[in-house]
Asker: 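Would you mind keeping the following structure in view while I ask a few things?
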Protein chains: 2
Amino acid sequence: MPTDPAPTRIQKKNRAAILEAALNVFSAQGFRGATVDQIAAEAGLSKPNLLYYFPSKEAMHNALLEALLDTWLDPLRALDEDGDPLEEILAYIRRKLQMSRDFPRESRLFANEIVQGAPRIHAALSQDLKALVDDKVTLLRGWMAAGRIAPVHPYHLIFSIWALTQHYADFDTQVRAVLGEEDPFDGAEAFIDTLYRRLLHPPG
Amino acid sequence: MPTDPAPTRIQKKNRAAILEAALNVFSAQGFRGATVDQIAAEAGLSKPNLLYYFPSKEAMHNALLEALLDTWLDPLRALDEDGDPLEEILAYIRRKLQMSRDFPRESRLFANEIVQGAPRIHAALSQDLKALVDDKVTLLRGWMAAGRIAPVHPYHLIFSIWALTQHYADFDTQVRAVLGEEDPFDGAEAFIDTLYRRLLHPPG
DNA sequence: GAATGATTTGACCAACTGGTCAAAGTCACG
DNA sequence: CGTGACTTTGACCAGTTGGTCAAATCATTC
């Protein structure tokens, strides 16, 4: 079976420009709301030119989702069995919040997809994502059983971390409308840190 | 200035059917993803008939958002100065979680709108919503100053409640993909209750 | 039951959208 | 250079979409 030929300099540059533009447009408008023309304008290329590099609008979307899903789960993957449990979890939360701050477009891309029922990534959720979460839940249960963190529902613990951290990227508009000038992330980090310290502080 | 004529029986029935159908479609597909034909099919009416009752697709969307924004804030409005602080907040959280369980379509309608930058309700967010939150923040600060709940950033306290409770409606697909059979809301209620009891338990 | 206004719809339209294609332009390499 | 592969694009197309309109049907009231 033949391997794909190495991409040329131009291919590399244009594929990257298209994905960057597509991320802007898809994250702001959702899949259906985005148009190929918009992405082309944003990338500084013509519409037929985009379709020379990607066979369809959906292919652009898929390329983004696939590339990002992996990165998105890195913070959870890095949760380390051998570290101090509470500090490990707090470090995970900080990584996750940092991703909301640094990659809000990526967060919103997923949010758009999942709010609308995840039609394109349902398989990845109930396979890769579930497997990873199940694995980390086992780890959390071990820590709880050993009395090293307070016992709570481990799945909801993870959901709550996702909810709290991603809220600041996905609902940024609302947060800023209410907060005014204040930087949301400064206060959020301290608040969330306190929240989980009090929740998980080992009993006794 | 002339008042609108009273709606006929047929008007009442059809307007309600259209809004119900529109809520289904908009919440599942977003504004741009929804089509008037879809809404018409869902409502069991013809497309021109919909446009007899509402001047445009956008008018249907606005009608939904306006009617819902008010309802959506009721749980927060009901936060009572004269009750026991911790129990008031926990009751607010239960009301909010109940709305995620009972009205997930409404939650997703807002989520779609806000994730995409709230183009149609930005004014309401930075006026009505902000005013209400500011008011309740004053109340929370009073409770904290009096030592009746632990002092935390009051805005982020409210954001965290929104994030945690709405997560179960907006990201339902993801939650269920990870949890499998288990009912998300059963575990969520107990978990969130514990979370805020430990966070807000009065110091000393 | 006739008149009047409310309701419904089939046929239609212009704008938009994703995608195609042949021809033209550009690049890399011998 | 020249040549073959890679890249770009203007023109185009078919399907979809929000919305219009005149004509038809229905409900209500006298």
Asker: For the pair made of NZ in B/K57 and P in D/dT17, what is the distance, rounded to whole Å?
Answerer: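 So the NZ-P distance, B/K57 to D/dT17, works out to 9 Å.
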Asker: In whole angstrom, give the distance that lies between atom CG of B/N62 and atom P of D/dG18.
Answerer: 15 Å
Asker: Kindly indicate, with the supporting measurements, whether the criterion ring-ring contact (aromatic ring centres under 6.0 Å, His included) is fulfilled by A/F31 and A/H61.
Answerer: CA-CA 7 Å; A/F31 179 75; A/H61 197 247; 4.8 Å; yes
Asker: Think A/Q11 has a side-chain N or O under 4.0 angstrom from the OP1 or OP2 of D/dT7?
Answerer: yes
Asker: Take the protein atom CG of B/L51 and the nucleotide atom P of D/dT20, then report the distance between them rounded to whole Å.
Answerer: 7 Å
Asker: Could B/R105 and B/E20 be called an ion pair, given the rule that one side-chain N must be under 4.0 Å from one carboxylate O?
Answerer: yes
Asker: Between A/Y168 and B/H156, is the gap from one ring center to the other below 6.0 Å?
Answerer: yes
Asker: Which word best sums up how the rings of A/H167 and A/F171 line up, parallel for under 30°, tilted for 30 to 60°, or perpendicular for over 60°?
Answerer: parallel
Asker: What are the two closest heavy atoms between A/R108 and A/A169, and how far apart are they?
Answerer: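 In this case the closest contact between A/R108 and A/A169 is NH1-O, 2.7 Å.
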Asker: For the atom pair CD1 (A/I18) and CG (A/L23), what is the distance rounded to the nearest 0.5 Å?
Answerer: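 So the CD1 of A/I18 and the CG of A/L23 are separated by 13.5 Å.
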Asker: So for atom CZ, which belongs to B/F185, do other residues, nucleotides or ligands contribute more than 12 heavy atoms lying within a distance under 6.0 Å?
Answerer: yes
Asker: Is it true that A/D135 and A/R77 have a side-chain N and a carboxylate O under 4.0 angstrom from each other?
Answerer: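 Not counted as a salt bridge, because no side-chain N and carboxylate O are separated by less than 4.0 Å.
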Asker: Strictly below 4.0 Å, heavy-atom distances to any atom of DNA chain D: list the hits from residues 17-42 of chain B, or just say none.
Answerer: B/A34, B/T35, B/V36
Asker: Measure all distances between protein nitrogen or oxygen atoms and nitrogen or oxygen atoms of nucleotides 8-12 of chain D, and list the pairs falling under 3.5 Å.
Answerer:
unit_1, atom_1, unit_2, atom_2, d
D/dT8, OP1, A/N14, ND2, 3.3
D/dT8, OP2, A/N14, ND2, 3.0
D/dT8, OP2, A/N49, OD1, 3.2
D/dT8, OP2, A/N49, ND2, 3.2
D/dT8, OP2, A/Y53, OH, 2.7
D/dT8, O5', A/N49, OD1, 3.1
D/dT9, OP2, A/S46, OG, 3.1

